[in-house]
*Asks:* 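Sharing a structure here in structure tokens format.
Along the sequence shown, residues are numbered consecutively beginning with 1.
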Amino acid sequence: MDIRQIDEGFAVTGQISPDDVRDIAAAGYRALICNRPDGESPDQPDFAEISQVAQKTGIPIYYVPVVSGQLTQDDVDAMAAALDEADGPVLAYCRSGARSTNIYGIVQQQKG
């Protein structure tokens, strides 16, 4: 995992596995946001697999899938809602971390 800190309460990484969830929680993250739709690549674990481990670990996880290159205002609104509800610090993931970084930046811009 290559975790990149964006600001004090938000970081991004590429695709995680169910086995990564406990390490993420141990690193101090208090919520996860998945910005990757299921089925983008054959080797990608489904959100449900990661969510199941997150629930057992006691870390909230939000599913805000963003189709690469097709970010919508609904996606931005859903991300903003997840961030508002999450009691950070938050780690968001997608394939490489770029989508998560971009959508977070847009949410921050729209906040004013």
*Asks:* Verify the cluster assignment for V66 and I6: are they in a single hydrophobic cluster under the rule of side-chain heavy atoms below 4.5 Å apart?
*Replies:*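 They do share one cluster, since a chain of ILVMFWY contacts under 4.5 Å joins V66 to I6.
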*Asks:* With a 6.0 Å cut-off (strictly less than), is the heavy-atom count around CG of D84, excluding the residue itself, greater than 12?
*Replies:*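 Counting other residues, nucleotides and ligands, CG of D84 exceeds 12 neighbours.
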*Asks:* For S100 and R4, does a side-chain donor sit closer than 3.5 Å to a side-chain acceptor?
*Replies:*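 Their side chains do not contain a donor-acceptor pair, so the 3.5 Å distance test is not met.
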*Asks:* Please say which of Y63, Y62, Y93 ends up in a ring-ring contact (aromatic ring centres under 6.0 Å, His included) with F47.
*Replies:*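 Of Y63, Y62, Y93, ring-ring contact (aromatic ring centres under 6.0 Å, His included) with F47 is met by Y63 alone.
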*Asks:* Step by step, would you call D7 with Y104 a side chain to side chain donor-acceptor pair (under 3.5 Å)?
*Replies:* CA-CA 10 Å; D7 63 26; Y104 181 74; 2.4 Å; yes
*Asks:* Ignoring hydrogens and angles, tell me if any N or O in the side chain of N35 forms a donor-acceptor pair with the backbone of R99 under 3.5 Å.
*Replies:*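 No, the answer is negative, given that no donor and acceptor are paired below the 3.5 Å cut-off.
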*Asks:* Quick one: closest heavy-atom pair of V53 and R22, and the distance?
*Replies:*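 Closest heavy-atom pair between V53 and R22: CG1-NH1, 3.6 Å.
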*Asks:* Would you find a donor on one side and an acceptor on the other, under 3.5 Å apart, between the side chain of S96 and the backbone of A98?
*Replies:*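 Flag set: sc S96 to bb A98 pair under 3.5 Å.
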*Asks:* Do V21 and I50 come within less than 4.5 Å of each other through their side chains, counting heavy atoms only?
*Replies:*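 Yes. Closest side-chain heavy atoms under 4.5 Å.
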*Asks:* Quick one: does I106's side chain get under 4.5 Å of M79's, heavy atoms only?
*Replies:*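 Result no, sub-4.5 Å side-chain heavy-atom pair not found.
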*Asks:* Given the rule that I, L, V, M, F, W and Y join up when any side-chain heavy atoms are under 4.5 Å apart, are M1 and Y29 in one cluster?
*Replies:*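 Hydrophobic grouping puts M1 with Y29.
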*Asks:* Report yes or no: does E49 contribute a side-chain atom to a donor-acceptor pair with the main-chain N or O of D46 at less than 3.5 Å?
*Replies:*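 Confirmed, E49 side chain pairs with D46 backbone.
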*Asks:* Do Q44 side-chain atoms and P37 backbone N/O form a donor-acceptor pair below 3.5 Å?
*Replies:*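 Looks like yes, one N/O pair under 3.5 Å.
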*Asks:* Cut-off 3.5 Å, side chains only: do S41 and D43 have a donor facing an acceptor?
*Replies:*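 On atom types as modelled, these side chains qualify, holding a pair under 3.5 Å.
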*Asks:* Given side chains that start at C-beta, do those of I103 and V76 come closer than 4.5 Å, heavy atoms only?
*Replies:*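 I103 reaches V76 side chain to side chain.
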*Asks:* Which heavy atom of P45 sits nearest to which heavy atom of I16, and what is that distance?
*Replies:*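 Heavy atoms only, the tightest pair is CG-O, 3.4 Å.
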*Asks:* Report the C-alpha separation of Q110 and Q73 in whole Å, then their side-chain angles, then the decisive distance to 0.1 Å, and conclude whether the side chain to side chain donor-acceptor pair (under 3.5 Å) test is met.
*Replies:* CA-CA 11 Å; Q110 290 187 2; Q73 186 62 48; 3.0 Å; yes
*Asks:* If you measure from CZ on F10 to OG1 on T101, what distance do you get to the nearest 0.5 Å?
*Replies:*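 Rounded to the nearest 0.5 Å, the CZ-OG1 separation comes out at 6.5 Å.
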*Asks:* Please step through side-chain contact (heavy atoms from CB on, under 4.5 Å) for the pair L32 and V90, ending with a clear verdict.
*Replies:* CA-CA 6 Å; L32 281 167; V90 173; over 6 Å; no
*Asks:* Looking only at atom types and distance, does a side-chain atom of D20 sit under 3.5 Å from a main-chain N or O of S17, one as donor and one as acceptor?
*Replies:*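 Yes; judged by distance alone, with no hydrogens or angles, the pair exists.
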*Asks:* Check I61 against A54 and note the closest heavy-atom contact, atom names and distance.
*Replies:*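 Minimum heavy-atom contact is CG2-CB, 4.0 Å.
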*Asks:* Measuring from atom CD1 of I24 to atom CD1 of I59, what distance do you get when rounded to the nearest 0.5 angstrom?
*Replies:*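 Output value for this atom pair is 7.0 Å.
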*Asks:* Using the rule that two of Ile, Leu, Val, Met, Phe, Trp, Tyr join whenever any of their side-chain heavy atoms come within less than 4.5 Å, decide whether V12 and V64 are in one cluster.
*Replies:*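 As far as the 4.5 Å side-chain criterion goes, V64 and V12 are connected within one cluster.
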*Asks:* Just so I know, are the side chains of R36 and R95 near enough to count as touching, which here means a heavy-atom distance under 4.5 Å?
*Replies:*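 Contact flag for R36/R95 side chains = yes.
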*Asks:* Under a 3.5 Å distance rule, please check whether R30 uses its side chain to pair with a backbone N or O of A86 as donor and acceptor.
*Replies:*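 Here the side-chain-to-backbone pair does not exist.
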